[in-house]
Amino acid sequence: MVKQIYEQINKDLKEVDPEIYDLIIKEIIRQSEGINLIASENYAFKAVLQAMGTPLSNKYAEGYPKRRYYSGCEYVDIIEEIAIKRLNELFKAEYSNVQPHSGAQANMAVYFSVLKPGDTILTMSLNCGGHLTHGSPVNFSGIIYNVVHYEVSRTNELIDYDLIRDLAIRYKPKLIVAGASSYPRIIDSKIIADIAKEIEAFFMFDMAHYSGLIAAGLYPSPVNYADFITSTTHKTLRGPRGGVIIAKKDYEKIINKWVFPGIQGGPLMHVIAAKAVAFKLALEQEFKDYQKQVLINAKILAQTLKDNGIRIVSDGTDSHMVLCDLRSIGLTGKEAENILNEVGIFVNKNVIPFDPQVPAIASGIRLGTPAITTRGFKEDETKEVANLIAIALKEPHKKEYVKSKVKELSEAFPVYKIYL
Ligand code: DSN
């Protein structure tokens with residue numbers, strides 16, 4: 001079905017480039033057939049995809065609304081202004097920049113705005129949940145800056161705020177970074193903001209994973225606490241791939257300067273239009289209801305896996321994601337990712353706090369409920385998926401059984417319905 005729908009819409013593409021067309025169809029089918037539990041992925045809103053596939057892509061608009069380096073920007077100016085207005089409304093923000101091409105570039109623009117090479121930043125370590133751009137030695141952030149990491153507590157695997165304070169006082173970082181890629185719990189922005197104030201540091205919160213939940217009022221907002229907030233737009237927000245920055249109005253000039261011309265050229269106006277569409281939809285009640293279900297599903301996923309003997313890092317979740325410690329069932333993250341991939345359940349291997357394994361092997365897997373919830377999964381289906389994961393991982397001889405159940409479940413909740 002999904003193939004027929006796509007073929008109808010894209011007859012010309014098929015004729016012009018059958019090779020790429022064929023691969024697009026294959027990817028659409030792959031996305032439709034399996035169950036996607038990758039915490040950072042989702043199915044974008046249909047209207048978002050439509051806005052992206054438009055001639056707005058043709059337009060150069062370096063600069064900002066009404067201050068461009070090109071003529072003919074009268075309509076894209078209005079689009080960017082609408083995107084900014086909606087984003088500010090969604091997060092009750094004073095100022096935002098919708099041009100970053102990605103979350104990594106949003107983070108880079110903030111760093112360049114307030115830091116000089118060699119300055120110290122205090123961020124969460126990668127294996128406790130931090131992101132590559134939070135000072136990993138293989139990333140620009142770890143190469144340019146002097147990085148001090150904080151960790152979660154070894155006993156409850158929650159952020160250790162006392163440790164952040166101790167490190168902040170000892171190392172006097174110029175910037176403290178919070179927000180994470182694999183930390184399933186609530187992050188208390190107020191405590192970190194107070195620490196930052198005490199040592200006169202800037203505070204940046206990277207809400208890429210939590211932004212949809214924050215927009216729906218279901219996860220504490222860092223706005224009013226953090227000086228800078230960055231996000232991607234394609235995860236829990238269901239927008240196009242891209243980034244944004246929110247900040248206090250005082251930082252407008254410096255952030256705008258570092259996004260363009262500092263680190264980027266022309267903004268992707270088709271993507272900015274798609275961001276505007278996503279922000280409009282995120283302001284609706286339906287989106288809040290969706291996020292509520294994302295949270296309910298994540299809690300059920302965690303509890304059911306736990307009931308099956310799989311250890312859950314921090315013993316649960318307050319968000320859309322669940323981190324499993326597979327040492328509890330004698331597997332590595334890599335092995336589990338492969339086993340689940342074979343039965344059509346898509347997850348990613350992930351390091352866990354104080355992981356003895358390297359990231360390419362990892363002791364854990366990270367699961368998320370945004371994509372299955374978009375697809376319509378509620379409590380019963382989520383519980384079934386969790387049970388199927390446990391069977392696949394613990395009873396390899398039942399692989400064909402799990403495969404057939406995954407297929408049944410996928411067919412009962414077809415992805416193409418999102419795009420009809
Ligand atoms: N790669 C994203 C994630 O999976 O969390 C973060 O950039």
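As a basis for the values below, the full set of heavy atoms in this structure was taken, side chains included, without hydrogen atoms, waters or symmetry mates. Read the numbers this way: they start at 1 and go in the same order the structure lists the ligands and their atoms. Nothing here was measured: the structure is a model prediction, and the numbers come from that model.
Classification of the Phe140-Phe112 ring pair by plane angle, with boundaries at 30° and 60°, yields perpendicular. Ring geometry for Phe203 versus Phe205: interplanar angle over 60°, hence perpendicular rather than tilted (30 to 60°).
With a 4.5 Å cut-off on side-chain heavy atoms, Leu37 and Ile389 count as touching.
Counting atoms of ligand 1 from 1 in the listed order, those under 4.0 Å from a heavy atom of His131 are 6 (C), 7 (O). Within the listing of ligand 1, atoms 3 (C), 4 (O), 5 (O) sit less than 4.0 angstrom from a heavy atom of Arg366. Listed by number with element, the atoms of ligand 1 under 4.0 angstrom from any heavy atom of Ser181 are 5 (O), 6 (C).
Under the 4.0 angstrom criterion, atom 7 (O) of ligand 1 counts as having a protein heavy-atom contact.
The 12-atom threshold is not exceeded at OH of Tyr60, counting heavy atoms of other residues, nucleotides or ligands nearer than 6.0 Å. Within a 6.0 Å radius of NZ in Lys299, more than 12 heavy atoms belonging to other residues, nucleotides or ligands are found.
Atom 5 (O) of ligand 1 has His209 NE2, 2.7 Å as its closest protein atom, hydrogens excluded (heavy atom only).
The heavy atom nearest to atom 3 (C) of ligand 1, considering only Gly368, Ala180, Ser40, is found in Ser40.
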Let's go through Glu411 and Lys407 carefully: what are the C-alpha distance in whole Å and the side-chain angles of both, what is the deciding distance for salt bridge (charged side-chain N to carboxylate O under 4.0 Å, His left out) to 0.1 Å, and is it a yes or a no?
CA-CA 6 Å; Glu411 282 168 4; Lys407 191 160 183 282; 3.1 Å; yes

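Not a single heavy atom of Glu41 sits less than 4.0 Å from an atom of ligand 1.
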